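Report on the following structure.
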2 protein chains.
Amino acid sequence: MGKGADTRERILEIAEASVLAKGFGATSIDEIIAEAGITKSGFFYHFRDKNELARDMLRRYVAEDNRILDEIFARAADLSDDPLQAFLIGLKLFAETLADLPNGHPGCIIASVCYQERLFDREVVEINRQAVEGLNDRFRRYLEAVASVYAPREPVDLDALAEMVTCIIDGGIIMAKVMKDPQRLPNQLLAFRSFVKLLFSEPATAALHVPARAAIAAE
Amino acid sequence: MGKGADTRERILEIAEASVLAKGFGATSIDEIIAEAGITKSGFFYHFRDKNELARDMLRRYVAEDNRILDEIFARAADLSDDPLQAFLIGLKLFAETLADLPNGHPGCIIASVCYQERLFDREVVEINRQAVEGLNDRFRRYLEAVASVYAPREPVDLDALAEMVTCIIDGGIIMAKVMKDPQRLPNQLLAFRSFVKLLFSEPATAALHVPARAAIAAE
DNA sequence: CAATTACTTGACCGACGGTGCGGTTTTGCT
DNA sequence: AGCAAAACCGCACCGTCGGTCAAGTAATTG
């Protein structure tokens, strides 16, 4: 990585932190360049305008987010061949990862962009849409694998359930930030995990009959 | 309501719409006064500064939000004496109310403030915290009433479950906005409702034994 | 060595957020 | 009708912000 790409990366990182703390509209270029130790001309050498900064920042965030999720759920899949167990393990690993963040989750750029839509051009809004769609597709894939083996105990829309993961995370981030208690985010994820467990597996109270086994046999 | 209070209310309404669309930092006073048909001086007659606008806007939003929830869950309590049924009915009524909003839910000021914390003074941040705490308390009360009659089928933290309602709503709002599909918010609420139903009531598959009745007898 | 990359210096612009103050209209009250 | 308070208007002013431009330089790289 050359010197240029290095500075660019630094700008994006500073911008991201600032956007998460005050929003895009209140994030000034002057402030970014002061922290990055460059001049305004230096900034505009790397980015045509603020919207290009937003685009790259968002793309960077989404890519990193997906990288982390890939890693976590790949490891989970390694730990169990059963899709339900793998998904439950993945959710737990994810919750642990979030719980281990020293200052809590810094915030979700996607949510930040969402709440300032009018500030961005169509491309940024579209990137945001695709990012969320990608997350929904991911969790839907996991859940379809689960549903192909276990029958849900209650009729539930798989799409809505897949979307619920992202909703819980975005909502949990807000909950954690507002209540100034980082733990609430992983807690929400674990609560969702209980839901999935309850929906697809045997009840905890006692050993009960059929439904799960029947589906397994069909494999 | 006098003319002054009227103008004030109009300002707050315009500001709220603008904040939800672009965030507080990017909401200009010039824009507000243009839409309200007053001058800048007129604005500053009503509000000392932008932070006072934020305070009043947030308070107004929270009060209205609570009013609506009071109404919905009071009606739900009227429709059933059973706390579980009442809560489930309330969630459904709430989902229907959200589904009936012509242009979808405009956004949550609490979430908006959360994602621009550094822009506000401590008082605004504190109002926000109390608002969320109030919501958590509300849903915790409902759930405690449920849990006093029905034993949960899976060990679950009631606090986390109560917080989940707000998380689902805030997350659902983001999901609906980003995906440009208002229906996703009420869908999330209904998915959560399935969770509660599954957690506390008899399984759908067959009539099963004891746990609920035992708790009822203790009443 | 030459060209490209990655910046700096510095001047500048129009628009906007925000403040302050003095003046004017409107309203309610007696 | 008269008067005070409430509800604004006009306007000047400042700092900041996004963004532009021209010219120059120091370090990489082929």
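Computed from a predicted structure; not experimentally measured. No hydrogens, no waters, no symmetry mates; every other heavy atom, side chains included, goes into these values. Numbers restart at 1 for each chain; the letters A, B, ... are given by sequence-line order, proteins then strands.
Considering only the side chain of B:K40, C:dG18 comes nearest among C:dT8, D:dG18, C:dG18. Here the nucleotide nearest the side chain of A:T39, chosen from D:dG10, C:dT8, D:dG18, is C:dT8.
Of all non-hydrogen atoms in A:H46 and A:R8, the two that sit nearest each other are O-NH1, 2.9 Å.
Between B:K50 and C:dG18, a side-chain N or O to OP1/OP2 separation shorter than 4.0 Å is present. Close to C:dC7, at under 4.0 Å from its OP1 or OP2, lies no side-chain N or O of A:Y45. The phosphate of D:dA7 (OP1 or OP2) has no side-chain N or O of B:T7 nearer than 4.0 angstrom. Dashed line: the shortest gap from a side-chain N or O of B:H46 to OP1 or OP2 of D:dC8 is under 4.0 Å.
Across the protein-nucleic acid pair, B:I32 atom CD1 and C:dC16 atom C1' stand 13 Å apart, rounded to whole Å. Rounded to an integer number of Å, the gap from CZ of B:F44 to P of D:dA7 is 18 Å. Here D:dC11 presents its P atom at 14 Å from CD1 of B:I33, a figure rounded to the nearest Å. Rounded to an integer number of Å, the gap from CZ of A:F24 to C1' of D:dC17 is 13 Å. D:dC21 atom C1' lies 16 Å from atom CZ of A:R48, rounded to whole Å. One interatomic measurement links the two molecules: CZ of A:F120 to P of D:dG18, which rounds to 13 Å at whole-angstrom precision. With rounding to whole Å, B:I29 atom CD1 is found 7 Å from C:dT19 atom P. A straight line from CG of A:D6 to P of C:dC7 spans 9 Å, rounded to a whole angstrom.
Every residue was checked against the ring pair (Phe, Tyr, Trp, His ring centres under 6.0 Å) condition with A:F94, not counting sequence neighbours, and none meets it.
Seen from the ring of B:Y115, A:K177 counts as a face-on cation partner, given the 6.0 Å and 45° thresholds. At least one cation-pi condition fails for B:K40 and B:Y45: the charged atom is not both under 6.0 angstrom from the six-membered ring centre and inside a 45 degree cone around its axis.
If you check every strand for non-hydrogen atoms under 4.0 Å, A:G25 touches nothing.
Judged by distance alone, with hydrogens and angles left aside, the side-chain atoms of B:R138 form a donor-acceptor pair with the main-chain N or O of B:N66 at under 3.5 Å.
Nearer to the 5' terminus of DNA chain C, by closest-nucleotide assignment, is the contact made by A:F43 (compared with the other of B:D30 and A:F43). Take the nearest nucleotide of DNA chain D for A:T27 and for A:S41: the residue whose nucleotide is more 5' is A:T27.
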